[in-house]
Amino acid sequence: MPMADVRFEREDETIIAVVTGEIDMSNAATVRQQIAEYVTPDADAVIVDLSELSFIDSAGLHSLIELGTVLNERRQQFLLCLPPGSTIRRAIEIIGLPHAVSVYSDRSEAMEAVRASAMESRPIGPNENA
């Protein structure tokens with residue numbers, strides 16, 4: 001029985017994976033695989049909400065890096081949600097993950113970043129003025 005649970009939501013072209021419980025070496029690969037398999041090619045971004053996660057070890061952190069690599073190869077944004085001051089956010093900051101992955105304090109902040117990025121990358125149509 002895995003100690004982590006992943007539930008999925010979708011908002012526009014963004015997949016939100018809410019991970020609860022604990023991620024360690026016994027389930028890190030499974031959690032990464034669950035998220036990667038759920039994400040369809042039409043999704044523009046994936047937000048992994050870790051605000052309800054109680055523990056993550058180095059295997060779990062490594063699985064997040066691997067997930068980010070897979071999504072990057074698919075040209076899909078990868079964002080993490082972690083409340084400021086959480087021990088998991090501190091662990092992610094210590095290993096330097098925020099330099100590779102965008103970390104936001106909550107889901108609405110992450111969604112704002114996704115929308116802003118979508119606006120930047122949207123081509124201007126022939127009938128639109130720049």
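Just so you know, these numbers come straight off a predicted model, no measurement behind them.
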Residues Val18, Val6; criterion side-chain contact (heavy atoms from CB on, under 4.5 Å); working and verdict: CA-CA 6 Å; Val18 181; Val6 184; over 6 Å; no
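- Side-chain atoms of Ser54 come within 3.5 Å of backbone atoms of Gly21 as a donor-acceptor pair (strictly under, hydrogens ignored).
- Atom CZ of Arg90 is surrounded by 12 or fewer heavy atoms from other residues, nucleotides or ligands within 6.0 Å.
- With a 4.5 Å cut-off on side-chain heavy atoms, Leu80 and Leu50 count as touching.
- To the nearest 0.5 angstrom, Thr14 atom OG1 is 10.0 Å from Gln76 atom CD.
- Judged by distance alone, with hydrogens and angles left aside, the side-chain atoms of Gln77 form no donor-acceptor pair with the main-chain N or O of Leu71 at under 3.5 Å.
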Val48 and Leu79: CA distance, side-chain angles, deciding distance, side-chain contact (heavy atoms from CB on, under 4.5 Å) verdict: CA-CA 6 Å; Val48 178; Leu79 306 90; over 6 Å; no
Residues Met25, His62; criterion side-chain contact (heavy atoms from CB on, under 4.5 Å); working and verdict: CA-CA 10 Å; Met25 63 184 278; His62 183 72; over 6 Å; no
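- In the hydrophobic clustering of this structure, Ile23 groups with Leu61; members are Ile, Leu, Val, Met, Phe, Trp, Tyr whose side-chain heavy atoms approach within less than 4.5 Å, directly or through other members.
- Each of Leu67 and Val114 belongs to its own hydrophobic cluster when Ile, Leu, Val, Met, Phe, Trp and Tyr are linked at side-chain heavy-atom distances under 4.5 angstrom.
- Screening residues 64-95 for ring-ring contact (aromatic ring centres under 6.0 Å, His included) gives no qualifying pairs among residues at least two apart or on separate chains.
- In this structure, Glu9 places its CD atom where more than 12 heavy-atom neighbours from other residues, nucleotides or ligands lie under 6.0 Å away.
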Derivation and outcome, salt bridge (charged side-chain N to carboxylate O under 4.0 Å, His left out), residues Glu13 and Arg115: CA-CA 10 Å; Glu13 302 308 310; Arg115 286 189 194 103; over 6 Å; no
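- Residues Met111 and Val101 are members of separate hydrophobic clusters, defined by side-chain heavy-atom contacts under 4.5 angstrom among Ile, Leu, Val, Met, Phe, Trp and Tyr.
- Listed for the Asp106 side chain is a donor-acceptor partner under 3.5 Å among the backbone atoms of Ser108.
- In terms of hydrophobic clustering, with Ile, Leu, Val, Met, Phe, Trp and Tyr side chains grouped at heavy-atom distances under 4.5 Å, Ile16 and Leu64 are assigned to different clusters.
- No donor-acceptor pair under 3.5 Å is formed between the side chain of Glu22 and the backbone N or O of Leu53.
- To the nearest 0.5 Å, atoms OG1 (Thr30) and CD1 (Ile35) are separated by 11.0 Å.
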side-chain contact (heavy atoms from CB on, under 4.5 Å) evaluation trace for Cys81 with Ile47: CA-CA 7 Å; Cys81 288; Ile47 297 172; 3.5 Å; yes
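- Residue Arg74 holds its CZ atom at 9.0 Å from OG1 of Thr40, rounded to the nearest 0.5 Å.
- There is no path of hydrophobic side-chain contacts, each under 4.5 Å, that joins Val19 to Tyr104.
- Residue pairs meeting the salt bridge (Lys or Arg N to Asp or Glu O under 4.0 Å) criterion with at least one member in residues 34-49, sequence neighbours excluded: Arg10-Asp42, Asp49-Arg107.
- The ring-ring contact (aromatic ring centres under 6.0 Å, His included) contacts involving residues 24-59 comprise Phe8-Tyr38, where partners must be two or more places apart or lie in separate chains.
- For the pair Arg89 (side chain) and Leu82 (backbone), a donor-acceptor distance under 3.5 Å is present.
- Summarising the geometry of Asp57 relative to Ala59, their closest heavy-atom pair is OD1-N, 3.0 Å, with the distance given to 0.1 Å.
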